[in-house]
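Structure first, commentary second.
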Number of protein chains: 2
Amino acid sequence: MTVPTTGRRERKKAATRQKIADTALRLFLEHGYDAVGIRDVAAEADVAVTTLFSHFASKEALVFERDDDFEQRLTRAVTDRAPDEPLIPALRREIHALVRHCVADDAAPIWGMIVASPALREYEESMRLRHAQSLAEALIAAPGLSRSATACRTIARFVIDAYALAREAGDPQAAVDEIFEMIEAAWKAAGQAPNGPRNGRSGAGG
Amino acid sequence: MTVPTTGRRERKKAATRQKIADTALRLFLEHGYDAVGIRDVAAEADVAVTTLFSHFASKEALVFERDDDFEQRLTRAVTDRAPDEPLIPALRREIHALVRHCVADDAAPIWGMIVASPALREYEESMRLRHAQSLAEALIAAPGLSRSATACRTIARFVIDAYALAREAGDPQAAVDEIFEMIEAAWKAAGQAPNGPRNGRSGAGG
DNA sequence: TTCAAAACACTAACCGCTAGTGTTAACGTC
DNA sequence: GACGTTAACACTAGCGGTTAGTGTTTTGAA
């Protein structure tokens, strides 16, 4: 028989984690996020409360189970782009894809649940802050951008803002385009800052 | 006897509120935010826990007692500016002042406490979201800007970002200037958006 | 004087979350 | 195959923030 890439233990752990996440999402969508307690989820998934919290850091994390994707996709859009591809269009493409995926019909109930719960909205906001920070680090580390660290951090925030704003807009895809026109202009302006670029070699950058 | 503008009841209420806030801040600074419980604050202020929560919505709100100022100052910077004053420089001045006030020496201990506590940082982040939204509404309602609602919401976020980023920068005042160069460019670009302005009369705006 | 509203208090509890302490199952190794 | 190590899981208790429910007192007004 073939050698499994994962041992039985890891598979069981992943199964338990998935069972908890699935159970939680089902209960949340059935009865509402606030109406379902951690003890309910644990009982329905047939695990102890402590076990639940060994898999998920918080109740909100049960909803945003796959948020690592977001962070990685953004930083990879920076690091893995073609050597001659400008920065901002690459980010714009990625945000377009993320928004599209997020506004898709199958994600609508989950998104509605998040919007309806202040706790979940706040949690997502702090998630976005983390994403902006890791994107900022990727930008600062990227070669050839010729922008200051402050400019990189600023653009990172702006890009995350674009994602958040677009999702709330009537026409999300059009909003992405409109906001990225502004981001493009901001990025160009940062290249002409009086204090000058401090990151990488000289050049137009991006 | 003269008619007091505020009755005894209102004065007593304000006094109780202030006593709670002062006691809380003192205890937080003495022993650390996480080391002081709500029950400690209530006991020290000589009120019941329920009374404390009738004055403040949460433990974090005890620290950000005066956040209404922030919101009002920003929106007033938009609505109360001279009729011919461009928008972005007015906002830049206000952010400069707010950052200066926030980095001042007497606010340093409080700021350090906030940075040291994840709960407080998260709370402040959600506060900023509210501020961005009210600023966005002020921008959308402002006459003569000739920008789309999406552009207004975007610039509002960018301005709040500038505040947050500048405070974390090595030279906050310089960071405000650098970021506002980018914001100015973004604002101008929004005036030339292909979908065109939808808000207010035609004109350069800002 | 009387009344309604509002501030305040007290009890009791809910809820998210964690520490401490096992118990069981899987893996590596001899 | 026995053995020790590790990690997943369970259970009890409890902490800290927050609220509901139920009065009691103060205050401003009729």
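Protein chains get the first letters and strands the later ones, always in sequence-line order, with residue 1 at the start of each. Please read all numbers here as calculations on a predicted model, not as lab measurements.
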### Summary
Here the distance between atom C1' of D:dC11 and atom CG of A:D46, to the nearest Å, is 14 Å
### Query
Does the ring center of B:F64 lie less than 6.0 Å from the ring center of B:F70?
no
### Query
Would you say D:dA8 has OP1 or OP2 under 4.0 Å from some side-chain N or O of A:H55?
no
### Message
Between A:R147 and A:A151 (side chain of the first, backbone of the second, donor and acceptor by atom type, cut-off under 3.5 Å), is there such a pair?
### Response
no
#### Entry: Rounded distance in Å - CG (A:D34) to C1' (C:dC14)
13 Å
### Summary
Between A:R39 and B:A57, whichever has its closest DNA chain D nucleotide further toward 5' is A:R39
### Query
Under 4.0 Å between a side-chain N or O of A:T16 and OP1 or OP2 of D:dC9?
yes
### Task
Would you kindly give the NZ-to-C1' distance between B:K59 and C:dG16, to the nearest whole Å?
15 Å
### Query
Which part of the nucleic acid, if any, lies within reach of A:S54 when heavy atoms closer than 4.0 Å are counted: base, sugar-phosphate only, or nothing?
nothing
### Message
Nearest to the side chain of B:F53, heavy atoms from C-beta on, is which of D:dT19, C:dC10, D:dA10?
### Response
D:dT19
### Task
Please report, rounded to the nearest Å, how far the P atom of C:dA9 is from the CD1 atom of B:I38.
15 Å
### Query
Under 3.5 Å, is there a donor-acceptor pair linking the side chains of B:Q72 and B:D68?
no
### Message
Between A:D177 and A:H96, is the side chain to side chain donor-acceptor pair (under 3.5 Å) condition met? List the steps.
### Response
CA-CA 8 Å; A:D177 286 329; A:H96 259 306; 2.8 Å; yes
### Message
Given the ring of A:Y33, does A:K59 sit roughly above its face, with NZ or CZ under 6.0 Å from the centre of the six-membered ring and within 45° of the axis?
### Response
yes
## Note on the structure
Here the distance between atom P of C:dC8 and atom NZ of B:K13, to the nearest Å, is 8 Å
### Task
In whole angstrom, give the distance that lies between atom CG of A:D40 and atom C1' of C:dC14.
12 Å
### Task
Round to the nearest Å and state the distance from A:K19 atom NZ to D:dA8 atom P.
17 Å
### Task
Just call it for B:V41: base, sugar-phosphate, or nothing, with non-hydrogen atoms closer than 4.0 Å on any strand.
nothing
### Value in whole Å for how far the P atom of C:dC15 lies from OH of A:Y33
13 Å
### Task
Select base, sugar-phosphate, or nothing to describe what A:V47 touches, counting heavy atoms under 4.0 Å on all strands.
sugar-phosphate
### Task
To the nearest 0.5 angstrom, please state how far the NZ atom of A:K13 sits from the OG1 atom of A:T51.
11.0 Å
### Heavy-atom protein contacts under 4.0 Å, nucleotides 20-26 of chain C, coded B base, S sugar-phosphate only, - none
-----SB
### Task
May I ask you to evaluate whether A:T51 reaches the phosphate of D:dA10, defined as a side-chain N or O under 4.0 Å from OP1 or OP2?
yes
### Task
Say whether, by atom type as modelled, one donor and one acceptor occur between the side chain of A:R81 and the main chain of A:A90 under 3.5 angstrom.
no
